[in-house]
Amino acid sequence: MLHGWNYDVFLSFRGEDTRTSFTGSLYHGLHQKGINVFIDDEELRRGEQISPSLLTAIEESRISIIVFSQNYANSTWCLDELAKILECWKTKGQLVFPVFYYVDPSSVRHQRGSFGTAMAKHEVTFKDDVERLKKWKKALFDAANFSGWSLENGYEYELIIKIIEEVSGKLNNTLLHIAEHPVGLETRISEVKSLLQIEKPGEEASFIGIHGLGGIGKTTIARALYNSIANQFEVTSFLTDIRESSTQRQGLVQLQETLLYETVGEKNIKLGNVYKGIPIIKKRLCCKKVLLILDDVDKLEQIQALAGGRDWFGFGSKIIITTRDKQLLASHEVDKTYEVKKLNHEEAFELFTWNAFKRKATDKGYFEICNNVVLYAEGLPLALRVMGSNLFGKTVEEWKSALAKYEKIPNKEVQNVLRVTYDNLEENEKEIFLDIACFFKGETVEYVEKTLQACGFFPKFGISVLTDRSLVSIDEYNRLRMHDLIQDMGREVVREVSPLEPGKRSRLWNHEDVIEVLTENSGTYRVQGMMVDLPDQYMVHLKDDSFKKMKNLKILIVRNGHFYGSPQHLPNNLRLLDWMEYPSSTLPSTFHPKKLVVLNLSRSRFTMQEPFKHLDSLTSMDLSHCEFLTKLPDVSGVPNLTELNLDYCTNLEQVHDSVGFLEKLIELRAYGCTKLKDFPHAIKLSSLKSLILNWCSSLQTFPTILGKMDNLISISIEGTGIEELPPSIGNLVALQELSMTSCLSLKELPENIDMLHNLRNLDIEGCPQLRSFLTKLRELGQSTLTFGNVQSLNLENCGLIDEDLPIIFNCFPNLASLVLSGNNFVTLPRCIQEYHSLEMLHLDNCKQLQEVISLPPNLQYINARNCISLTAESSNLLLSQETFEACELQVLVPGTSIPEWFDHITKGEYMTFWVRKKFPAIILCFALAIESEMKKSFNCEIRFYINSDEVYELEIPRCFSEMVTDHVWLYDLRTHPSIRLNDLESYLVDDWNQIEISCDKIIGPSNVTISWCGVHICREEDNMEDILFKDPDLDLDSSRETEKIDSDLDKNNDARIKSIGDFKNSKKDNDFYCFKNLEDYNNAASHTEMDHNQDKLLLHPKTLDSVTNDSMPLVCFGGKNVVEGSNMIASDHQAKAREKSKVTSFIQTPIANLDDADMEAFYAILDAETSILSLSNHNDIISESSNRIIPSEETKKALKTLQDFLTKDFSVLLRPNEYNTMKSTLDYLTNVPTEDGISVDIRSLVKEVSRQFTCWSHDYTNEGKKIEYTKAKLLKSDELEEGLEANKTLFREVKYLENELCNELEYLEDRKKELEELINGVRANIAASQEAKNMVVHTKREIFENAKILKVQRDELRGQVHCLRDEHELAKKIQANIRDEWAKLGEKFSKAAN
């Protein structure tokens, strides 16, 4: 129950002890508190069995309070209540509180005192119901161990107040809102509950992780789980939105404070920091049973701060973490994890319709578009809710428009939720995610890792991170998968960078964007990857420079492209060039991609005329289906090549010898190269693991092996013209698989082939000339274990005869699979029984095989198809019960009928039986009827229906082909690896379950039908009491009617004997008769067919069983003594005499002497009549003609079944089970013998029903198809009308838009002219500025030249500076001296003159 309980409290008590006292007061107090209490009405307690309504009330109550009083155990009603309460405690987590009302708990626990006395009485009363007694005793013991209240002294009202406070506290744990429409939630909650194991409370605290992508429903599941189990814990806390809360200031501290408040009531605690909170949480919660849910965790530190370890919490505690990051759960070492899966289509459709229409069903005309939206959402609940709400109340046309928008620009609300995970990624993981979203969804992990590694990323780690965070997944084929909405989110991240200019985005994938970039040459250096996947009608004209501007392009994938011309330029920065149907025979001459890792040019015109050079990074080259490739030139320029694919290069004639020396080559394929003649004459490929040369029919020599090749595991040379294998094949020391099918030219195997010690699978099909190899093996004898490791050997169509088989078994002693199909031996030797490892044996088309003497002990599969010469003894051995008891086996062998040891056999392809408790281990058998020789093959599947619902389809992996006669196919289900009986058991209900199994052809010719089918129960594994081969409901009805008749017989025994005695005195022959018709038998015993003069007597078999010599008087009819005294013997079959069911009787009897009671008693005898008495005392025997008027039990049941079917709607009868039953019933009644008591009228009516049913069932089916066809057409017509109206509206809108655009265009033309004038002015300014600029540049250059001259002159003078300065100073001194001397001369002259 996801939304809580219907009652808060259930009160269990002994009414006569406490109803008007303690319990009444407790009920009143709880009721006053607003608590919803269930208290039963004393008047309802009738009989010994508890009522179903009371059991339901217990199941729907959150808390049970048990008031143990002195006389509690005297009431079986109370004890049954108690047992049910304890059951709900275990299965539903109900809270249980006992109240010991003047009773010692130990008296309840050990059943002493009044409880012991009461149980002693019950042991006498219920001595035949030991299980019920055990259940009561255990319930008393367990309930007494619960924590509760005891009242011995004190006031009752005080105890009642305590109980009310405790109950109120428990109920105050508010239930959380889950979802408006919790579709699919029940299943997921039960799956998580199975991981919790709450029923083991003594275990230490455990951590459970719930992970999945955003919007998948993790929080919804957590809330529902909380509501469901919270009452089983001492304290609870649900911390929501931890990712968002922890980013706020002191976020983790606040979460710690919330946890303490919700669990221990700390209201005003202030922790300050996380590290202070950790020890407080641990101390306060270490002794409490805690339910803690941490919702939306994205960092390990959040868990460490709130629930760091198991020792933080008490025993039985459960900590549930929801996150998008699976690795985070592993880092914290949680005990178990649960991945939330997306909704299946049915669940998704229901959730969407609830949101889009506010009800479960869709509106008329919306079904198809609803289906498209649901497919787009791909099971993501968030997207279904958001889109459903957005589309509510919209028209179909608006829905279509919205869906088209979503596919190109995803819904923002959904994207914001999904993008949270992306935003938290590191840069390396972001780039890897975007590449996968844009290019690599659905590609193998190996292919993607190789490409992204070359792009400079770290993909192995990055992909693991994306997987842990549910952004990508890896399927069983090792391919990357991604939810469509996640992919849309990634592509939207890329688109948002440049919404209007695709050429400025990092990645291009949309065909419209790609066409724009290629045709308009608008690509830029920002483009790192491009995928070209064009619609069929698109043709792109490649220009010479289409890729020239995209210098940073690393990934180029062309999946579907039609181009005019061929590329003249490709970026040299490419790491991946994957261009299927490449349009040119050569790569551009300027293309030298030194970092290229993967080159795929399959199905192209590429001819590789020149060898590749300097491609050291290239590891994978795929040239498959290149029809124009005639030779593969020197590949020594690609030394790191690991994969080379040349499949179906049908004109390839030569492969260069350099291929044989590529040291890193792992896989070399040349499948279907029919003209290949020149292959490397020698190979030394130390890394090679697989070599495939199948159907290279012109290849005549196998290369010489130079040195040991330690890694080569598989060689396949099927259909080649190779004549011999070289002796150097012994160097293939690791070889495990060698396939040489249809090597018609291969005449001999090398003598040293025995050196292949690791060979596991050897296939020499269709090589009849290799019998000489078997002769060589005979010469080796049994002393060698040369082929001791071979587990699978195929010698089909090798012309083997009897003397070859012992050699095979001697030299291949450990085979698990042996194919001897299409050979000529007559006897399968006895020594085969010694091969314990053999599991599969193919003998099909061994048309001369007669004797199969014995079989290996562990065989699981035998195919003896078309072994038409098998003796009866051999066929019986293959189909014997002893064989199938010894082995779990599948067998196909010529035959027409189901073996007699099968428990249930039916005609046609359906079988029905009933089981209970468990699904049995069974062996199925189907008889395949072949009308004429079957040339084609067919596949089939086995369908399982439980209670009319198909629950499993078992597709048979092997097909049936070219049968020349009828066959029998026996199939032990235990041999099929995928089917688990436990899975089927999950569909079983309590009581009986109808199992229907059918064998249906999937594909195949019409001349093969399933004529019979049968089922055998493996008794060593199953109890046959739990399996029926007839409808238990019919048997139950029959049994109930018989019990009623027996009761009537016992009650009216005296009257019955009296009435029969009265008949003895009757002497009249023809003046009376009466007739009784039960179950509306429609006068089945016709008066016209009966001889009223015959003497008839019909008695109930119970009467015969209990009769004594003097218990029944003489019975006479028509004056003859038929019975006198005793010695009555039943003449009919003993088994029929024991069956007790209703029959229709017709008897002549005197009426005058009988009253109503006599007649009723006599008819009670006749109603259950099944046998006819043979009376011997007077040698008067009842005429055998009476048998003809009494149908057999089988006929009566068939008539009853037919009558029931005739009341049903005709369409019901066309269901597989009902149709099969109806046909079988009609076939039986149509062919029933005349002496079986069916009148001519009924017989003719049955034939009419059979004829009309056959005709009408065909007509009804055809008319149903017509209804569907016409309905679809009418619906299509309505849709076309709506589409036409929408088209008209759209046309008018487009025309209006056209006018608007014309006006806009005129405005733009005028604006263009204005801008052109402005541009011309700008151009003139530019020219003037350019001229001025040129002059400035010229002047600048002149100045610069002068600067250089000045610099030279300066440099020349720089060395003379000191000398010049000295000369300068000296000159100044000389001048000073001269002036001084001159002055002195002047003075002298002046003196002299004076």
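- A 6.0 Å sphere centred on CD of E496 holds more than 12 heavy atoms belonging to other residues, nucleotides or ligands.
- Here CG of D80 is found 9.0 Å from CD1 of I58. Values are rounded to the nearest 0.5 Å.
- Side-chain atoms of Q256 come within 3.5 Å of backbone atoms of A305 as a donor-acceptor pair (strictly under, hydrogens ignored).
- We find the CG-CD1 distance between L196 and I208 to be 5.5 Å, quoted to the nearest 0.5 Å.
- Remark: the backbone N or O of A205 is not paired with any side-chain donor or acceptor of K318 at under 3.5 angstrom.
- Ionic pairing of E186 and R188 is not present here: no N-O contact between side-chain nitrogen and carboxylate oxygen is shorter than 4.0 angstrom.
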Side chain to side chain contact (heavy atoms under 4.5 Å, CB included) between T258 and L239, intermediate numbers included
CA-CA 8 Å; T258 303; L239 299 179; 3.8 Å; yes
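- Remark: K289 is not positioned above the aromatic ring of F315, lacking an NZ or CZ atom under 6.0 angstrom from the ring centre and at most 45 degrees off the axis.
- Judged by distance alone, with hydrogens and angles left aside, the side-chain atoms of N36 form a donor-acceptor pair with the main-chain N or O of N6 at under 3.5 Å.
- Judged by distance alone, the side chain of Q487 and the main-chain N or O of A437 form a donor-acceptor pair under 3.5 Å.
- Between F115 and S106 there is no side-chain heavy-atom pair separated by less than 4.5 Å.
- H332 and G308 make their closest contact through CE1-O, 3.4 Å (heavy atoms, listed as atom of the first residue, atom of the second, distance).
- For K135, the NZ atom sits in a loose shell: 12 or fewer heavy atoms of surrounding residues, nucleotides or ligands are nearer than 6.0 Å.
- Evaluation of the side chain to side chain donor-acceptor pair (under 3.5 Å) test over residues 270-279, restricted to residues two or more places apart or in two chains, returns none.
- Applying the 6.0 Å contact sphere to CD of E339 captures more than 12 heavy atoms from other residues, nucleotides or ligands.
- Between the side chain of T187 and the backbone N or O of G184 there is no donor-acceptor pair closer than 3.5 Å.
- E347 places a side-chain N or O within donor-acceptor distance of the main-chain N or O of N344, the cut-off being under 3.5 Å.
- Counting only heavy atoms from C-beta outward, the side chains of P381 and L351 approach each other to under 4.5 Å.
- Closest heavy-atom contact between V290 and S317: N-OG, 2.8 Å.
- Qualifying ring-ring contact (aromatic ring centres under 6.0 Å, His included) partners for F100, counting only residues two or more places apart in sequence or in other chains: F68.
- Note on R310 versus D335: salt bridge recorded, some NZ/NE/NH1/NH2 to OD/OE distance being below 4.0 Å.
- A distance-only check finds a donor-acceptor pair linking the side chain of Q415 to the backbone of M489 [under 3.5 Å].
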Go through it in stages, so that I can follow the logic: the residues are R14 and S69, the test is side chain to side chain donor-acceptor pair (under 3.5 Å), and I'd like the CA-CA distance, side-chain angles, deciding distance and then a yes or no.
CA-CA 7 Å; R14 183 73 165 114; S69 57; over 6 Å; no
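- Under a 3.5 Å cut-off, the side chain of T353 and the backbone N or O of K360 do form a donor-acceptor pair.
- When the side-chain contact (heavy atoms from CB on, under 4.5 Å) test is applied to A383, the partners found at least two apart in sequence or on another chain are A377, L380, M387, V414, L485.
- Closest heavy-atom contact between F433 and M482: CE1-CE, 3.7 Å.
- At least one donor-acceptor pair under 3.5 Å links the side chain of E378 to the backbone N or O of D484.
- A salt bridge links K84 with E87; the closest basic N to acidic carboxylate O contact falls under 4.0 Å.
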Trace of the side chain to side chain donor-acceptor pair (under 3.5 Å) decision for E152 with Y102:
CA-CA 5 Å; E152 295 180 358; Y102 297 106; over 6 Å; no
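- Remark: K358 qualifies as a cation-pi partner of F392 under the 6.0 Å distance and 45° angle criteria applied to the six-membered ring.
- In this structure, the side chains of F13 and V99 stay at 4.5 Å or more apart for every pair of heavy atoms.
- Smallest separation of non-hydrogen atoms from A230 and L291: CA-CD2, 3.8 Å.
- Put simply, the side chain of I163 reaches to within 4.5 Å of the side chain of L26, judged on heavy atoms.
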Show the numbers, then the answer: is there a side chain to side chain contact (heavy atoms under 4.5 Å, CB included) between E492 and D488?
CA-CA 6 Å; E492 182 64 10; D488 290 345; over 6 Å; no
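- Side-chain contact check for Y261 versus I269: every heavy-atom pair is 4.5 Å or farther apart.
- Checked against side-chain contact (heavy atoms from CB on, under 4.5 Å), E426 has the following partners two or more places apart in sequence or in another chain: E429.
- Sparse packing is recorded around CD of E346, with 12 or fewer heavy atoms of other residues, nucleotides or ligands lying under 6.0 Å away.
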Output a table of donor-acceptor pairs, distance under 3.5 Å, between side-chain atoms of residues 144-151 and any protein atom two or more places apart or on a different chain; print 'none' if there are none.
from	atom 1	to	atom 2	distance (Å)
N145	OD1	R109	NE	2.7
N145	ND2	F141	O	3.2

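- R385 pairs by the side chain to side chain donor-acceptor pair (under 3.5 Å) definition with nothing, not counting sequence neighbours.
- Contact of the I85 side chain with the F10 side chain is registered, since non-hydrogen atoms from C-beta on lie closer than 4.5 Å.
- With S61 contributing its side chain and D8 its backbone, the two residues share no donor-acceptor pair below 3.5 Å.
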